[in-house]
Amino acid sequence: MKDNWRNNIRKKPKSFLIFLSFLLLIVVVYSATIGPVDIPFRRVLAIILSETPFVGRWFPTYEGTERTIVVNLRLPRILLGVIVGSSLAVSGTSMQGVFKNPLASPFILGVSAGGGMGAAVGIYIGISYYLLPLFAFVTALGTVILVFALGRVRGKTDIATLLLAGLAMNFLMSGLTNYIRYISPPEKEFHLRILAFMFGTLNGSIWREAIISLPIMLIGISLVFAYSKDLNLFQMGEESAMQLGVEVERTKLIQLFTSSLLAATMVAFTGVIGFVGLMMPHAARLVVGPEHKKLIPTSALFGGIFLVICDSIARTMGEIPVGIVTVLLGSPFFIYLLVRNRGETGW
Amino acid sequence: MVELDVDSLVTGYHDKKILKDITFEVNKGDFLGIIGPNGSGKSTLIRALTKVITPWNGCVKYDKKNIENMSRNEIAKKVSVVPQDTFINFPFTVRDVVLMGRSPYLGRFENPDKKDIKVAKEAMEVTNTLRFEDRSVRKLSGGELQRVVLARALTQKPELLLLDEATSQLDIRHKKEVMDTLKEKNEKENLGIISVHHNLNLAARYCKKILLLDKGKKHAYGDPEEVLTNSHLRAVYGVEAEVHEHPKDGSLYVSPMDKKIDTEKGEKTVHVVCGGDSTGKLLKNLVEMGYQVTAGVLNVMDSDLEKADFLDIEVVTEAPFSSITHESYEKNLELIKKADAVVVTDFPVGEGNIGNLEAVKEGVTRETDLIFVDGDNIGERDFTERNRGTKLYDKISREMDFRSVDSTEEIKRLL
């Protein structure tokens with residue numbers, strides 16, 4: 001009985017994805033109505049349509065503050081939210097697939113903490129705002145490479161060692177970030193910026209960030225998706241996957257590189273937004289099942305929708321960092337999933 | 001067509017050499033059993049044959065092509081593997097898992113088509129898994145999952161099938177079903193099979209050739225008669241074993257030598273007439289209570305025998321799936337006559353083992369404490385012709401004194 005809706009969804013995965021895409025669009029438009037200035041849904045929709053390339057010329061052009069607020073302030077932030085949300089979700093899906101472990105996520109591998117540390121250093125030495133993402137990206141990727149180097153035992157990637165290496169780097173990077181905060185000058189502005197990075201925020205996003213991260217998201221997600229079949233076979237165990245024709249080591253490296261790239265890029269723009277990469281794959285798996293061809297696009301859409309909703313909440317709560325909202329919403333949801341599905345669907 | 005050549009293969013893990021100079025070949029329609037004690041390199045050999053580990057020296061060739069020059073997909077179309085055990089963390093359906101066997105034949109974005117699904121269905125049918133194809137693999141028992149994995153391996157449409165103790169988790173019925181299925185595929189479709197066995201009797205019964213490994217080296221290789229000899233088994237396993245010929249089909253079977261009963265202790269002996277997994281915890285309980293326990297007649301591969309072996313109980317054994325012969329009847333009778341108490345469990349009675357009841361009737365004396373488990377319902381498990389089992393029981397109950405219990409659990413109180 002309980003599983004009826006789930007079976008229906010699993011029988012028509014394409015219709016479900018189309019439904020989710022529409023839901024995402026509605027959430028995006030609705031989110032653009034929220035803020036200090038209330039703008040009605042219909043007006044927002046009209047403004048967005050008039051600004052959309054090709055379609056725009058069929059709609060009257062809007063001018064004035066409302067247009068500025070929607071187009072220059074809210075839309076880049078919302079779109080970056082969609083991009084970051086889906087990238088983190090797919091990054092988590094890929095990691096959980098490769099590690100055959102439902103607890104793997106970019107956060108656990110130290111990607112997020114590494115990026116956060118880089119940003120803190122950047123802020124401390126006072127580099128330009130535009131270089132900050134690059135700094136975060138380099139340290140995030142550097143952390144991942146270090147974790148992989150530590151996790152490689154005699155030419156093979158050992159999962160347990162890798163997870164422990166991630167944990168160790170996590171502690172190290174968070175420790176360094178805290179150290180930088182401690183020694184940095186006591187100006188309030190300074191601490192707020194490092195804090196914002198540590199908690200993760202979409203506040204102050206600009207079009208350029210969305211435009212730079214969009215292709216990385218598209219390439220990353222496509223690359224993960226291209227290996228759906230191999231990720232399914234991975235779940236049979238690495239040895240069996242090899243015997244079923246998967247080039248296991250190569251697949252593992254490509255997947256880990258891609259998922260780290262996705263997470264590191266996003267951390268660079270927004271700081272550490274926790275729980276999306278861990279939680280979205282779970283939620284998607286509960287609905288469409290563990291098959292990666294369905295799981296990856298579903299997690300991507302879930303991630304986008306989830307982060308935009310969280311950011312809308314963050315904005316209405318007096319502009320708190322969205323990372324706080326995802327953790328506050330994410331952890332109880334995660335515990336709920338744990339308790340409800342203990343031993344039943346086995347994640 | 002598959003022609004596996006293993007030539008002076010040396011390999012291992014890291015710096016630990018496991019296999020030392022192994023040479024053999026497998027052709028179309030061969031059925032090779034690999035046996036050997038724990039740590040002799042059986043599973044390592046399976047890994048080397050599928051390029052999970054690479055040779056340090058020597059080579060593995062399929063159709064004269066070196067495995068090191070073959071892609072994994074290429075290998076997967078030739079060879080499939082049923083591993084010892086499988087653990088799947090996510091709730092894939094049985095159908096999903098079986099269909100994964102088609103993946104070497106599918107492109108990156110290609111979905112299985114009707115033909116692939118047909119192949120998978122056939123494999124599920126012969127492994128008796130089709131009826132739960134919609135279930136999550138997380139909800140299957142160990143034996144069920146093992147059959148699903150076998151179905152996946154068959155769906156791969158290999159020319160050579162590798163089994164790494166694949167039937168060790170199955171009960172006796174499924175063990176036989178699976179092995180018979182494989183035998184049929186081997187004989188009718190010329191499927192080459194290499195199967196690693198812990199159970200020497202399975203190897204003896206089904207394999208045409210046997211490779212006996214000892215500490216990574218080839219100890220013996222050839223027909224079962226040449227390999228399964230007392231001297232080879234003593235040298236490799238360090239046990240004394242009798243090798244018999246099956247009275248019906250002539251295949252060999254091995255049973256560890258009977259141990260002499262230590263009568264000096266003057267303990268009471270209990271003989272248990274059982275079979276077909278009917279003893280429950282009885283044997284263990286009796287041993288723990290300090291009795292000298294004997295049992296019979298049990299077929300090799302019966303799970304009651306496995307329990308008895310585990311407890312070091314003296315057992316009269318019979319070839320797998322064979323009727324009680326005159327010889328084992330006499331041995332059983334001997335033990336019954338010697339016993340202070342005889343317990344007859346509620347085993348299913350058939351033409352093959354009615355000799356057990358006959359021995360009870362013949363051997364039990366006035367001094368013997370005879371106990372029947374659920375004797376009055378013998379009709380429900382009597383599969384003999386013209387209910388000979390039930391009639392025999394009726395005769396025993398008219399002529400002899402005995403006590404009756406409903407289950408093996410109650411015997412603990414009685415003795």
Side-chain angles (χ1 to χ4, degrees), chain A residues 3 6-7 10-11 13 93 96-104 153-156 158-159 222-223 225-251 281-282 284-286 288-295 341 343-347, chain B residues 13-16 43 46-47 49-54 70-93 95-112 134 136-139 145 148-149 152-153 155-156 158 162 164:
Chain A
D3 286 339
R6 233 186 275 186
N7 287 338
R10 284 177 196 188
K11 266 179 216 148
T93 310
Q96 293 181 6
V98 168
F99 293 139
K100 303 174 285 296
N101 187 327
L103 295 177
V153 182
R154 296 187 181 99
K156 287 203 167 168
D158 179 68
I159 308 282
S222 315
L223 209 51
F225 184 72
Y227 282 84
S228 311
K229 202 182 86 178
D230 308 69
L231 286 174
N232 290 337
L233 293 169
F234 256 72
Q235 309 317 311
M236 304 297 110
E238 277 180 32
E239 198 170 315
S240 292
M242 279 184 200
Q243 289 157 344
L244 283 158
V246 181
E247 301 287 348
V248 166
E249 282 302 309
R250 196 182 68 196
T251 306
H282 279 274
R285 208 175 286 119
L286 277 178
V288 296
E291 202 280 304
H292 283 82
K293 235 174 239 177
K294 297 174 209 155
L295 186 60
N341 291 289
E344 212 198 55
T345 46
W347 307 93
Chain B
Y13 309 102
H14 317 315
D15 41 12
K16 199 175 170 212
S43 299
I46 296 283
R47 290 198 184 104
L49 296 185
T50 47
K51 210 173 127 181
V52 175
I53 54 174
T54 46
M70 294 169 79
S71 74
R72 293 210 178 279
N73 250 333
E74 219 177 317
I75 298 170
K77 287 179 195 169
K78 286 211 178 293
V79 197
S80 68
V81 182
V82 183
Q84 249 173 68
D85 53 304
T86 300
F87 183 77
I88 302 171
N89 223 340
F90 295 118
F92 286 94
T93 64
R95 194 189 313 103
D96 282 342
V97 170
V98 174
L99 269 171
M100 285 182 193
R102 295 313 291 165
S103 60
Y105 301 91
L106 298 173
R108 193 161 282 289
F109 296 102
E110 211 177 335
N111 285 319
D134 285 316
S136 154
V137 286
R138 303 258 323 162
K139 290 182 179 167
L145 180 59
V148 170
V149 174
R152 186 187 73 200
T155 305
Q156 241 170 296
L162 306 182
D164 192 354

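Quick note: numbers below take in every heavy atom, side chains included, and nothing from hydrogens, waters or symmetry partners. In what follows, chains are A, B, ... by sequence order, proteins preceding strands, each numbered from 1.
Taking OG of Ser240(A) as the start and CZ of Arg152(B) as the end, the distance is 5.0 Å to the nearest 0.5 Å. Expressed to the nearest 0.5 Å, how far NZ of Lys100(A) lies from CZ of Phe87(B) amounts to 11.5 Å. In this structure, CD on Gln235(A) lies 7.5 Å from CG on Asn89(B), to the nearest 0.5 angstrom. One distance of note links CE of Met100(B) with CD of Glu291(A); it measures 7.5 Å at 0.5 Å rounding.
In this structure, Met242(A) and Thr50(B) have side chains that are not in contact, with every pair of non-hydrogen atoms separated by 4.5 Å or more. When side chains are defined from C-beta on, Glu239(A) does not count as touching Val81(B), because their heavy atoms never get closer than 4.5 Å.
Closest non-hydrogen pair, Lys229(A) versus Gly107(B), comes out as NZ-O, 3.7 Å. Counting all heavy atoms, side chain and backbone alike, Asn73(B) lies closest to Leu244(A) at OD1-O, 4.3 Å.
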Q. Would Tyr227(A) and Arg108(B) satisfy side-chain contact (heavy atoms from CB on, under 4.5 Å), going step by step from the backbone distance to the final call?
A. CA-CA 7 Å; Tyr227(A) 282 84; Arg108(B) 193 161 282 289; 3.5 Å; yes
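In terms of the side-chain contact (heavy atoms from CB on, under 4.5 Å) criterion, residue partners of Lys51(B) (sequence neighbours excluded) are, by chain and number, Thr54(B), Ile67(B), Arg72(B), Ile75(B). Residues satisfying the side-chain contact (heavy atoms from CB on, under 4.5 Å) test with Glu110(B), not counting sequence neighbours, are Leu106(B).
Proximity of a side-chain donor or acceptor of Gln156(B) to a complementary backbone N or O of Gln243(A) within less than 3.5 Å is detected.
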